[in-house]
Amino acid sequence: RARAELFAAGEGNRWGGALPLAAGGGLVALGHWYQVGLLPGSLGYVFLEGAGLLIATGGLLWMLAGWPRARLLAGRLGLLVFTIPWPESLLQPLAQFLQRAVAVGASVLLRLLGVEVFREGNLLHFPATVLHVAGACSGIRSLMAFFAVAAACAAFLELRRGRTLLLLLLAPLVAVAGNLLRVLATSFLVLHGGGFWLRAGPHDLMGLAVVLLGGGVLFRAAQAWAVP
């Protein structure tokens with residue numbers, strides 16, 4: 001169906017793509033100046049150059065295919081947004097907020113489940129041990145991954161705009177719920193099985209399981225909402 005729509009769309013205006021092409025090129029140049037002349041060693045230029053390349057690619061697509069076809073392909077091209085590393089100045093506060101939210105949520109749920117626990121910042125104090133809700137448990141990485149999964153599902157299953165927005169709004173909820181589940185599972189396993197579950201191997205496997213589970217939830221939701 002998408003191919004038929006592309007052929008039927010026609011070419012339309014082409015030269016309007018020169019503006020985003022030039023703007024994207026300007027961002028790439030700004031990113032290079034940021035790296036070389038403004039803050040050498042900083043990683044902020046990666047975001048600027050990545051965003052510039054994406055905008056320039058959109059402009060080039062507009063010029064080659066025409067605006068009607070470029071508009072139809074914009075959603076798929078937009079998936080490249082999730083390949084751009086976001087600046088630490090934006091990610092760090094969000095990661096700290098999510099880290100604290102997961103620690104608070106885990107302590108509340110553990111007490112509701114009858115586990116004796118005291119929270120101090122991001123530390124969970126149990127009678128026999130202390131667990132630290134580290135930055136890796138904040139969910140920031142899975143949040144970015146789930147946004148990408150949601151956008152990909154919406155694009156390839158051709159969801160309507162309203163359902164696409166709902167799927168994107170579901171992504172952060174799945175990320176937080178998944179990391180809460182990970183912290184709860186780790187707490188119970190450590191309390192009953194010892195420190196083995198804090199080692200890198202088992203801990204990473206639980207993280208992978210959370211990502212697979214969350215991705216599956218988003219995919220099933222997209223499949224359900226794809227039904228006319």
Side-chain angles (χ1 to χ4, degrees), residues 42-44 46-47 79 81-154 166-225:
S42 173
L43 296 178
V46 179
F47 172 74
L79 294 177
V81 166
F82 301 102
T83 67
I84 301 173
W86 289 82
E88 287 295 320
S89 58
L90 294 179
L91 288 184
Q92 192 63 28
L94 178 58
Q96 291 174 350
F97 170 78
L98 291 174
Q99 186 179 0
R100 180 59 59 88
V102 169
V104 171
S107 64
V108 171
L109 291 175
L110 285 167
R111 282 194 289 267
L112 289 175
L113 293 171
V115 178
E116 186 179 347
V117 60
F118 168 73
R119 183 185 66 84
E120 182 184 9
N122 296 324
L123 297 175
L124 300 178
H125 294 265
F126 299 95
T129 188
V130 178
L131 294 183
H132 177 220
V133 180
C137 297
S138 67
I140 188 67
R141 294 177 183 175
S142 55
L143 176 63
M144 296 297 109
F146 289 157
F147 271 131
V149 169
C153 289
L166 284 176
L167 194 63
L168 290 172
L169 291 175
L170 183 61
L173 299 179
V174 171
V176 172
N179 280 277
L180 269 175
L181 179 63
R182 180 183 182 184
V183 173
L184 289 175
T186 300
S187 300
F188 278 108
L189 289 170
V190 169
L191 290 175
H192 295 91
F196 167 79
W197 297 100
L198 293 177
R199 295 179 181 175
H203 197 62
D204 290 345
L205 284 176
M206 280 194 286
L208 177 61
V210 165
V211 171
L212 293 176
L213 178 63
V217 168
L218 290 172
F219 180 69
R220 290 298 299 166
Q223 279 188 319
W225 290 338

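- Not one N or O on the side chain of Thr129 forms a donor-acceptor pair closer than 3.5 Å with the backbone of Phe126.
- Between Leu173 and Leu169, the closest side-chain pair of non-hydrogen atoms is not below 4.5 Å.
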**OP:** Would you sort out whether Val174 and Leu213 count as a side-chain contact (heavy atoms from CB on, under 4.5 Å), showing the intermediate values?
**Re:** CA-CA 9 Å; Val174 171; Leu213 178 63; over 6 Å; no

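- What you find for Ala221 and Leu170 is that their closest heavy atoms are CB-CD2, 4.0 Å.
- Looking at every heavy atom in both residues, Phe219 comes nearest to Cys153 through CD1-SG, 3.8 Å.
- Contact check for Met206 versus Val210: no side-chain heavy atoms found under the 4.5 Å cut-off.
- A heavy-atom distance below 4.5 Å is not found between the side chains of Val183 and Leu110.
- Heavy-atom minimum distance, Val46 versus Pro85: CG1-CG, 3.5 Å.
- Here the straight-line distance linking atom CG of Leu191 with atom CG of Leu131 works out to 7.0 Å at 0.5 Å rounding.
- Nearest heavy-atom pair across Leu168 and Ala151 is CD2-N, 4.0 Å.
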**OP:** Determine, step by step, whether Phe147 and Val81 satisfy the side-chain contact (heavy atoms from CB on, under 4.5 Å) criterion, reporting the C-alpha distance in whole Å, the side-chain angles of both residues, the deciding distance to 0.1 Å, and the verdict.
**Re:** CA-CA 10 Å; Phe147 271 131; Val81 166; over 6 Å; no

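- Taking CG from Leu166 and CH2 from Trp225, the interatomic distance works out to 5.0 Å, rounded to the nearest 0.5 Å.
- More than 12 heavy-atom neighbours from other residues, nucleotides or ligands sit within 6.0 angstrom of CZ on Arg111.
- Here CG of Leu212 is found 12.0 Å from OG of Ser142. Values are rounded to the nearest 0.5 Å.
- Heavy-atom neighbours of Phe188 CZ from other residues, nucleotides or ligands within 6.0 Å: above the threshold of 12.
- Between Val102 and Asn179, the shortest heavy-atom contact is CG1-O, 4.1 Å.
- Minimum interatomic distance between Ala103 and Leu124 (heavy atoms only, all atoms of both residues): O-CD2, 3.9 Å.
- When the shell of 6.0 Å around CD of Glu116 is examined, it contains 12 or fewer heavy atoms from other residues, nucleotides or ligands.
- None of His132, Gln96, Arg100 except one satisfies the side-chain hydrogen bond (donor to acceptor under 3.5 Å, both in side chains) rule with Asn122; the exception is Arg100.
- Residues in residues 99-121 take part in these ring-ring contact (aromatic ring centres under 6.0 Å, His included) pairs, two or more places apart or across chains: Phe118-His125.
- At distances below 3.5 Å, not a single donor-acceptor pair connects side-chain atoms of Arg182 with backbone N or O atoms of Leu184.
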